[in-house]
Number of protein chains: 2
Amino acid sequence: MAGRPRGRPKSYNPDLALWQALETFWSSGFAATSLDDLSAATAMNRPSLYAAFGDKKTLYLKTLQRFASEMEKSLAGDLGKAGSLSDTLRAFYGGAIELYLSGPEGPRGCYVICTAPTAAATDADIRQALAAILKEIDASLEARISCAVAEGELSQEADPAMLARLAASVLHSIAVRARAGESRDALQSLAEGAVQLICQPHPPASKR
Amino acid sequence: MAGRPRGRPKSYNPDLALWQALETFWSSGFAATSLDDLSAATAMNRPSLYAAFGDKKTLYLKTLQRFASEMEKSLAGDLGKAGSLSDTLRAFYGGAIELYLSGPEGPRGCYVICTAPTAAATDADIRQALAAILKEIDASLEARISCAVAEGELSQEADPAMLARLAASVLHSIAVRARAGESRDALQSLAEGAVQLICQPHPPASKR
DNA sequence: GCCATTTTGTACCAATTCGCAAATAATTAT
DNA sequence: ATAATTATTTGCGAATTGGTACAAAATGGC
């Protein structure tokens, strides 16, 4: 049962509020988002925000973790399904493009790629969080591509780690291009080009 | 001769000051950089800054243009030299990596890719400037790759516009990865992988 | 009913933000 | 020299910033 904790009940849903904060940062980035903005978006007053999530930077780091965990779920879903590598990658890119174009006030790209780098140069914690997420993307793709090599879908000569990092690179670029206003068609075409280049039967990128 | 303009002479060098402002934005991004920071970096007091470059956003836009024009010079240099496409691309990526890792206080990635997207979602002017610069990178690479196709270095089946956008995508990713702290080795290896994938003799990415 | 506990709401703080007005300084033109 | 022109300096001011102190409110335990 667990019952209620003890004192006055929270008037907000922590998971929801965290996501609302994330969306606010997503629009304006870390520095340009004020505590007033966050307070308005979450319908929590400042002291509640502070008590629940710590200071602004701590809250931002928590939204990065939250996005990473949502992304992980989605990655596992897209990359985990049965099907050819090319179809899997198409679904992967397709889902990302839809997400990146789905902002309530226009396209906004990837939350992490488009907001964290700015703050990463001067803040080691944010830099580390960004690096961890990039690594996770690389690793998820590498796992799926290794699989394709093992099953003979890709040549044994193919280098899964390298191909994964290249595939991730196109994702990063799509993230930025979406926020810059590129059309869905242009993004989808870029993704398709990446799929064809990566999934070709005779890979040129021999291990060095 | 042109002589001196008329009144009191400027005590600053506009080109230098613009670059100093750019470097300041490069470290902290648009929103986190204050006019005091800019004033200190340029050794200009606030009203002089304002008179010379307009308000903060206008100044930022001018630094984006400045970076784009420097980049254009550098691109023309790297991509314009004689040599195989693969060597040309190696030089292109190599130069970018050195620049991205060369920050006075640690690696800072690409100025445009790592600072403009954050502000681009809410500011149409910045978004437009970003889009223009992305387009310019694509176009420069496409010109060089078209050349390679015309000279038979790449198959006639190759799609220069697509390959250019893929090559640019890897550049964008390197820009972000550098700021996230990836090692020079990792970045160079990624670049080499991109070169090999793009410059293979039998391209799979047929035009659609 | 009364106390302990937790959250909320209001108000406030010191510091910083961007932008500008007005006076001062340095130069050229006449 | 004097006027005209341009840049710099000082200092302001209204607004916003991130963060907190303190009292009021809402719950559970007894």
Side-chain angles (χ1 to χ4, degrees), chain A residues 1-18 20-64 115-116 118-119 122-126, chain B residues 1-18 20-22 24-25 27-64 115 118-119 122-123 125-126:
Chain A
M1 284 318 173
R4 286 191 182 162
R6 192 78 190 325
R8 178 170 177 171
K10 295 184 205 297
S11 72
Y12 60 91
N13 174 333
D15 277 1
L16 174 61
L18 184 59
Q20 289 165 330
L22 187 156
E23 298 242 359
T24 312
F25 282 129
W26 201 341
S27 293
S28 309
F30 173 68
T33 299
S34 71
L35 286 185
D36 279 346
D37 296 334
L38 295 166
S39 186
T42 57
M44 297 165 67
N45 42 35
R46 220 106 50 107
S48 294
L49 259 183
Y50 205 82
F53 304 114
D55 67 7
K56 187 181 159 186
K57 186 182 118 176
T58 305
L59 170 54
Y60 179 66
L61 287 171
K62 286 182 176 164
T63 64
L64 288 181
T115 73
T118 300
T122 57
D123 188 300
D125 296 321
I126 295 175
Chain B
M1 286 315 174
R4 287 190 181 161
R6 192 79 190 325
R8 178 171 179 169
K10 297 185 205 297
S11 72
Y12 60 90
N13 174 333
D15 276 2
L16 175 61
L18 183 60
Q20 290 165 330
L22 187 155
T24 311
F25 283 129
S27 293
S28 310
F30 173 68
T33 298
S34 71
L35 287 186
D36 279 346
D37 295 336
L38 295 166
S39 186
T42 57
M44 298 166 67
N45 41 35
R46 220 104 49 106
S48 294
L49 260 181
Y50 205 81
F53 304 115
D55 67 7
K56 187 180 158 184
K57 186 181 118 176
T58 305
L59 170 55
Y60 179 66
L61 287 171
K62 287 182 177 165
T63 65
L64 288 180
T115 73
T118 300
T122 56
D123 188 300
D125 296 322
I126 294 175

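This structure is a prediction, so every number in the text was calculated from the model and none was measured. Letters A, B, ... are given to chains in the order of the sequence lines, protein chains preceding strands, and every chain is numbered from 1.
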Quickly work out the B/Leu49 CG to D/dA7 P distance and round it to whole Å.
13 Å
Starting at NZ of A/Lys10 and ending at P of D/dA25, how long is that distance when rounded to a whole Å?
21 Å
Give A/Ser39 one of three labels, base, sugar-phosphate or nothing, depending on what nucleic acid heavy atoms sit under 4.0 Å from its own.
nothing
Grab the CZ-C1' distance between B/Arg4 and D/dA7 for me, whole Å please.
13 Å
B/Tyr12 vs B/Gln20 side-chain heavy atoms within contact, under 4.5 Å
no
Residue pair A/Ala31/B/Ala51 against DNA chain D: nearer the 5' end by closest nucleotide is B/Ala51
DNA chain C: first to last nucleotide in contact with chain B (atom under 4.0 angstrom from a heavy atom), 5' to 3', is C/dT17 to C/dA29
Nearest to side-chain heavy atoms of B/Asn45, which nucleotide of D/dC12, D/dG18, D/dT10:
D/dT10
Phosphate oxygens OP1/OP2 of D/dT8: is one of them under 4.0 Å from a side-chain N or O of B/Ser48?
yes
Testing A/Leu22, A/Asp55, A/Thr115 one by one against A/Tyr60 for a side chain to side chain contact (heavy atoms under 4.5 Å, CB included), which residue passes?
A/Thr115
Side-chain donor/acceptor of B/Thr118 to backbone N/O of A/Thr118, under 3.5 Å:
no
Would you mind telling me which residue lines up with the more 5' stretch of DNA chain C, A/Ala43 or A/Arg46, judged by nearest nucleotide?
A/Ala43
Starting the side chain at C-beta, find the nucleotide from D/dA24, D/dG19, D/dT6 nearest to A/Lys56.
D/dG19
Think B/Lys57 forms a cation-pi with B/Phe30, using NZ or CZ under 6.0 Å from the six-ring centre and within 45 degrees of its axis?
no
Polar contact flag, side-chain donor to acceptor under 3.5 angstrom, B/Ser48-B/Asn45:
yes
With sequence neighbours excluded, what pairs up with B/Thr33 under the side-chain contact (heavy atoms from CB on, under 4.5 Å) test?
B/Thr24, B/Phe25, B/Ser28, B/Asp37, B/Leu38
With a 4.0 Å cutoff (strictly under), does any side-chain N or O of A/Tyr50 reach OP1 or OP2 of D/dT20?
yes
Distance check needed: D/dA25 P versus A/Tyr12 OH, whole Å only.
20 Å
Among D/dT17, D/dG28, D/dA26, the one nearest any side-chain atom of A/Arg6 is D/dG28
Both B/Pro9 and A/Ala32 contact DNA chain D. Which one's nearest nucleotide lies toward the 5' end?
B/Pro9
Least distance between heavy atoms, B/Ile126 atom then B/Ala119 atom:
CD1-CB, 3.7 Å
